[in-house]
Each structure stands twice: as C-alpha cells, then as structure tokens.
Asks: 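Input: one structure, supplied below.
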Protein chains: 4
Amino acid sequence: MDTPVNRGGRPRSEQARDAVLHAVDDLLLEVGYSAMTMKGIAERAGVGRQTVYRWWSTKAEILFEATVADAEEELAVPPTGSSLDDLVGYLDSLKHFLEGSAAGAAYRALIAAAQQDRAVAALLASKDVLGDSARVVVERVAEHEALPSPPEHVTALLVGPMFFWVMSGRDTVHLDTGELAATVLSELRAAKVG
Amino acid sequence: MDTPVNRGGRPRSEQARDAVLHAVDDLLLEVGYSAMTMKGIAERAGVGRQTVYRWWSTKAEILFEATVADAEEELAVPPTGSSLDDLVGYLDSLKHFLEGSAAGAAYRALIAAAQQDRAVAALLASKDVLGDSARVVVERVAEHEALPSPPEHVTALLVGPMFFWVMSGRDTVHLDTGELAATVLSELRAAKVG
Amino acid sequence: MDTPVNRGGRPRSEQARDAVLHAVDDLLLEVGYSAMTMKGIAERAGVGRQTVYRWWSTKAEILFEATVADAEEELAVPPTGSSLDDLVGYLDSLKHFLEGSAAGAAYRALIAAAQQDRAVAALLASKDVLGDSARVVVERVAEHEALPSPPEHVTALLVGPMFFWVMSGRDTVHLDTGELAATVLSELRAAKVG
Amino acid sequence: MDTPVNRGGRPRSEQARDAVLHAVDDLLLEVGYSAMTMKGIAERAGVGRQTVYRWWSTKAEILFEATVADAEEELAVPPTGSSLDDLVGYLDSLKHFLEGSAAGAAYRALIAAAQQDRAVAALLASKDVLGDSARVVVERVAEHEALPSPPEHVTALLVGPMFFWVMSGRDTVHLDTGELAATVLSELRAAKVG
DNA sequence: TCGTAAGCGAGACGGTACGTCTGGTCTTGAA
DNA sequence: TTCAAGACCAGACGTACCGTCTCGCTTACGA
C-alpha cells in the first residue's frame, strides 16, 4: 500500500487538507498567483502555517494538486463519430480551459512558474495534462485516419497555436478552431496517403 | 521632440542607464528572473535604488528594454529564395532563440510574468517580437504562394507548436522543423488553390 | 497518601518520570535554561510530550523537582564547634553552590524566572532552600552567642553579599568569606551585649 | 567626535529611536519581560521590525539603554552630612528602586536574563549601576570614617541583603534599613580602629 | 558666476512574506 | 488510563525585499 504505516501519532487531518486546497482555488481567482502567499493560504484555510509546509513545499505544489483533477475533466471530450468534430470539440474545450476556466488559470500560472523554477517544471512533467488530453483525441482520430510517426508532432500542431495565442495575450475570438482542426486533419490524412 | 525640455537640473546619466541594463542581462542568467530583485539590480549596477525606480517601474520593464533589440535581431532571418528554406530557417532561429539564447530566456520570463501581471502583458503587446518576426517570414513566403485570409492564423501555426514545446519543458531535439515547415507551406498552398 | 487512588488504567511510569528529571538536569548544563524547551525535554527523555504536560505545568516545576534535593544537601554543613568556622563553612558551601554546582545553576535560573513569573515565585517560596539552610546555621551559632530580634536580618546579612556578588556576575575570588563571617558574628555578639 | 562620519544615506531617525525606547518602557510594565517580544516592541513603537534590529540585537539591549539613565538618577542620593543618614538614605532609595520603580523592574529583568545569557551579562558589566551608586555612597562616608581594603566588600554588605531580600521575593517591610545601615557603619569604624 | 533645479549613490524608513521553531492541545493504537 | 508518536492551530523568530524618503554631492542651465 501507498499509505504509510501508522506507527503512532495523530493521523493527518483530511479536513485541513481540503481547507488548504479550497483556499488555494479561491485565492488564485481573488488575488492572483503572485499575490497568493503561503501565509495567506494558511490564514484563509484557518490552518497553521506549519501544517501547510508539512505537506507541501511550495504554493505551486498545492495549486497543482488542487486543480489537476479539474483540468483533466475539462479537457476530456466525448467521441462524436466524426474525426473533424472530435478535433473541433477538443479545440473548443481547450480554448475555454486556457482562457476562461479556473483550472486553466492555474495551469497558466504553473507553466509561468515553471519557466523560472526547475521544481515546478518537474511537477508539470510528472502529469502532462495538456499533452495527455491531446494524445487521447489524436489517437482516437488516428484509428480512422493514420498515425504519423511521432504522435507528439500532431499534438503540438493541435495544441500549440491555441496555446501560443492565449499565452501571448491574444484574443481567441480571432482564432477559428474549425480551420485549425481542418489543418490537423489534413496532416493526418497526408500521412495515410504518404 | 520626445526629449523633455531641460529646465535646469543635472541630465540623466547614460552611464547609469547602461549599467542597469547590463546588470539585468547578467542577473537573469546568473540567478534567474524571480531571484532578480530591484535591490540586487541596483547593487550590481553600482547605482542608487532610487535611480532605478526613477526610470523604470518594474524589473519586467528593464528586462524588456534590455533584451528586445537582441530578440529582434536573433529572429530576423535572411531570404533564401526558397519558401520551404525560409520557413525552416525561421523555425531553427526560433528554436535557438526560445531554448538557447539569453534574449529568449528573458522573453520566456516576460511571457510568464505577463500571465499574472496586466502591466507586463501590455508591455509585451506594445512590441510583439515573436508575432512580428513570424509575420515577416510568412508574408515573404506568401508572395510566392498565397496569403490566407488572416495571416495571424499562419503565424500561429508556424510559431505555436515550437512555443508550446519549449514552454511546456519538452526537449526540442524531438521536434522536426522540416516537417513543421512543410505543414505550414502546404496550408499556404491549399489557400492558393482554394 | 498523596498517590491518587488507582481507579483502573495503566499506572504512572516511574521510568518516564525519572527520564524527564534526568533530561532536565542534563539539558540545563548543555543548553541553558532558556534554550531548554518542553519539546526538547520530552525528546531527550524519550517520552511523549503529553506525558510531560500531564505531570508538570512548566519547565520550572520540573527543574525545581529535579534539583531541590541536591540543593538542600549541598547547603547542609556539619557543626564544627566554632561559631566562626560554622559561618565560614556555610559561606564556602554557598559560594560553591551558587557559582559552581549544577543545582546552583538551576537555582539561579529559577530565581531569574521568578522575577517574571508569579507561579515560579510561588514555587520557590514553597521551599526556601537558601533561607532555610542559612537559618539552620544562624540558629546553631546563636545558641552560643545571641539571636537578634528577627533572625531573617542575620540570614540576609549572611547570604545577601554572596548572592549579590554572584548574581551580578562578579568573580567570587575577590570575596573573602572569612571577613564576611566575622562581620556577621560581630553583629550577633553586639546583639548579645545590647 | 563620536558621531560616525555620514558617508551618504538617510540619517538615523531620532524619532524612531525614542519611540522604541518608550515602547520598551511601557511594555515591560504592561506585559512583563518575557512576554515582551521584538515584534511587539516594533508594533507598539509604530516602527518597522528591521529598524529595531538595525540598532539593537536583543530586547535586553533596548531595555538597558532605555532605563540605565533613570536607574542612575534614582540611586543618586544627596549628602546629608551624617554618615548614618547617608547610608539609610541610600538603602531607602535602593529599596524603592528594586521593589517599586519601573527602572528597577527593568534592572531585575536584566539581572535575571544575565543568568542565562552571556551577552546580557556583559552588557550589565559594562555599566554597573548598583555597584557604582553604592561605591559613591561608601566613599563619601569613608571620608569621615575609614575605607577598608577593598571597598567592594562594603558595597556588597550594603547592597547584598536588600538585593537578596527582593530578588527572592521577600517583603521589604520586614527589612529595617536603619539597622542594616548601622551594621555597615560599624564595619567601617572597626576598620578605622583596626 | 552664481542660484536654481534635477539627477546621483547611499542607506534608513515602515511594511510584509519568508521558512523555522516552540507552545500547548488533541487524537491515534498499543500496553 | 497511561504511554509514545506525531499532527493540529497559533504566533514569534530573524532575514530579505518592497517602494519611499532623506541626506550631501554633482552637474547642468539661465540670469
């Protein structure tokens, strides 16, 4: 089992854990990532500072734990039967996730932090939310079409433009997900032919 | 003229300005963006703290001023005569810029900061280094091929995958710039035909 | 009996009690009074924190219990038959106690704590180690000489100068116990004559 | 001059210094020495925490600086012309100082702290408030009587009993300063005769 | 040539978050 | 019921940096 053998001592309080995770969620939206402090999280959660540090080293770790489940859910799209619709559906989810959702805001904050902090980068690498969700869609579509040599290329083609668009502060109303999906699909078909 | 009318008083010291810009350049590589403080910059530059605040509000502003010229230069690629070679050349420059250069490290830090700080976002919007450089290449290629409705779509297709790859911590040796360039080119040609 | 009626349940562990008392003795010498914490005592004794708090409220209480017996023993001097020798003998014991012994260090720490903490003051008042030991000597001497109105005056004259000397950090090599004893004795004799 | 050469920089704020010294004075009486924290001092003085640490290392240092002047003043007694009256006057001042005055409370706290902290002991040794004031009186009296070999013996005889009485929590109403003064005086006269 | 005015390096100012420590309490399972 | 273990909330520790302020000193211009 993963659970550590309880060799005496008070067990970890699930109530405190939840309070911290919720506090992080709330604070990210209220004050933003950089103004969110370990002190503030503890106070908002009604929890001792030591209790936070006992279970997490950094606010990035807490935020990751608090939002990764939401993120996976938001990026999981049901199959439609049509390759193009599957891709468009995913891109629309991705657009909403990156631009409009709480989990997406957390993800952007973590990507940002990872540029300066090796530990955060490792954290994100441990569970590649965006890459995984895109691979699921690409592989589903590839059953009907063809899977080009490294599927990562296609996921990058699928996710990259939207990611760049949002991260560099552009407005997504000017990005046509249908056209983007068509491009990716034609790449997949070209691979089949070739 | 932009230069403020000098109504008495000591003129601004160019020496101090250069010292600050160089200090920021050095410190970014030595300690990273988040460990780079206004206090540290002033001390490294051998300059008073007030002198830094007098001319710049934030470290992002200084970093932007210190690196934007380098960034533009690194992303300007000479025409080769071949559409595909132009695109591949640009993607190779972009790869080196984002992953390996000092100016690129600064750019990634600023993009990261912009996710949390509206002022930094505005700063980056004021001079869209990546978008501008990509548009130059796309428009050059389009002379021979065709320019699809919004050129921004194509620049996103060109820049996005590489941007996503680097920002999410992936290794660029697994990204084939030739293949990526071919995809973009086929999109441009499809636009011509259609 | 003082022992509480055992109404079922595990009996108090004498082993734990001794471990705590010894830990306090050791820690006082090793780290000093203020650096000695309840947490540290429990860990050093290999005892749960709650076990310490269950039987003592403060570190002062533990220290008092741990050292009062030693202190009494060190300050009990055998009669010599000579009034002056009795006084000199006591002063020499007192000098060694206050300046050189472990029990004396504990006593000084408690006197110090009592200045700020009413509970510690009450604790010390409950068993006046210094006063009692001095009174024994003074009363013994007074059998041959005379007991002036309040014997406390004489004990203060006997103990006070040495106490002041040590507590204010002076070196006792410069304090002649013989001369001091002579002064006290002449006071006693003056009372006899008067 | 003692004033450090001002080699640039904002000069020290006398206002902040005074605020800290007054805050320490107030807090000692209100909450006691051990409950008086550096944080609390800074907040009470309306001063930054760093400002306190910049000029003093410990609360003992602040307290010493805040009260040493008051202490000296309280222990300076005017000559009366009579040896006995001089001694009685001093002992009455000492009684009031140790037992009833704010400066005396500070002094007792510092003596207490010095038992556990070498730095505080050194601080007190640098300005021996009690010893100095007693020596002044003893030397004045000795002009008419006689000065025994080391005057420190006599000061210990003068100060010690009262010091012991108060520090060990006894009530000073039971201590007759007249009788004590008489004892000290007879010692001085015995030295003259001998 | 001298006064006015702004820039300069230095560094103290009041604040506030950092991560660590201890305090005293509470909650387990085993003895 | 006591025990060892150890998590709980609270809050002080001393340090670092924040952005502002106040010094004495340049360094220019214009009267």
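Quick note on labels: first sequence line is chain A, next is B, and so on, each numbered from 1. Only heavy atoms go into these numbers, but all of them, side chains included; no hydrogens, no water, no symmetry mates.
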Asks: Under a 3.5 Å distance rule, please check whether B/Gln115 uses its side chain to pair with a backbone N or O of B/Ile111 as donor and acceptor.
Replies: yes
Asks: Does A/Thr58 reach the side chain of A/Phe64, with side-chain heavy atoms less than 4.5 Å apart?
Replies: no
Asks: Once side chain to side chain donor-acceptor pair (under 3.5 Å) is applied, do any residues pair with A/Ser168, and if so which ones, sequence neighbours excluded?
Replies: A/Arg170
Asks: Which residue pairs satisfy the side-chain hydrogen bond (donor to acceptor under 3.5 Å, both in side chains) criterion with at least one member in residues 24-38 of chain A, sequence neighbours excluded?
Replies: A/Glu30-A/Arg44
Asks: Starting from P on F/dC23, measure out to CZ on D/Arg10 and report it in whole angstrom.
Replies: 8 Å
Asks: Give, for atom CE of D/Met38 and atom CE of D/Met36, the distance between the pair rounded to the nearest 0.5 Å.
Replies: 9.0 Å
Asks: Excluding sequence neighbours, so at least two apart, what forms salt bridge (charged side-chain N to carboxylate O under 4.0 Å, His left out) with D/Lys127?
Replies: D/Glu72, D/Asp132
Asks: Would you call A/Trp55 and A/Val20 a side-chain contact if the rule is heavy atoms closer than 4.5 Å?
Replies: no
Asks: Does any pair with a residue in residues 56-71 of chain B pass salt bridge (charged side-chain N to carboxylate O under 4.0 Å, His left out), and if so which ones, sequence neighbours excluded?
Replies: B/Arg17-B/Glu65
Asks: Would you jot down, in residue-number order, the residues of residues 28-56 of chain A having a non-hydrogen atom under 4.0 Å from DNA chain E?
Replies: A/Thr37, A/Met38, A/Lys39, A/Arg49, A/Gln50, A/Tyr53
Asks: Which residues in residues 12-27 of chain B have at least one heavy atom lying under 4.0 Å from any atom of DNA chain E?
Replies: B/Arg12, B/Ser13
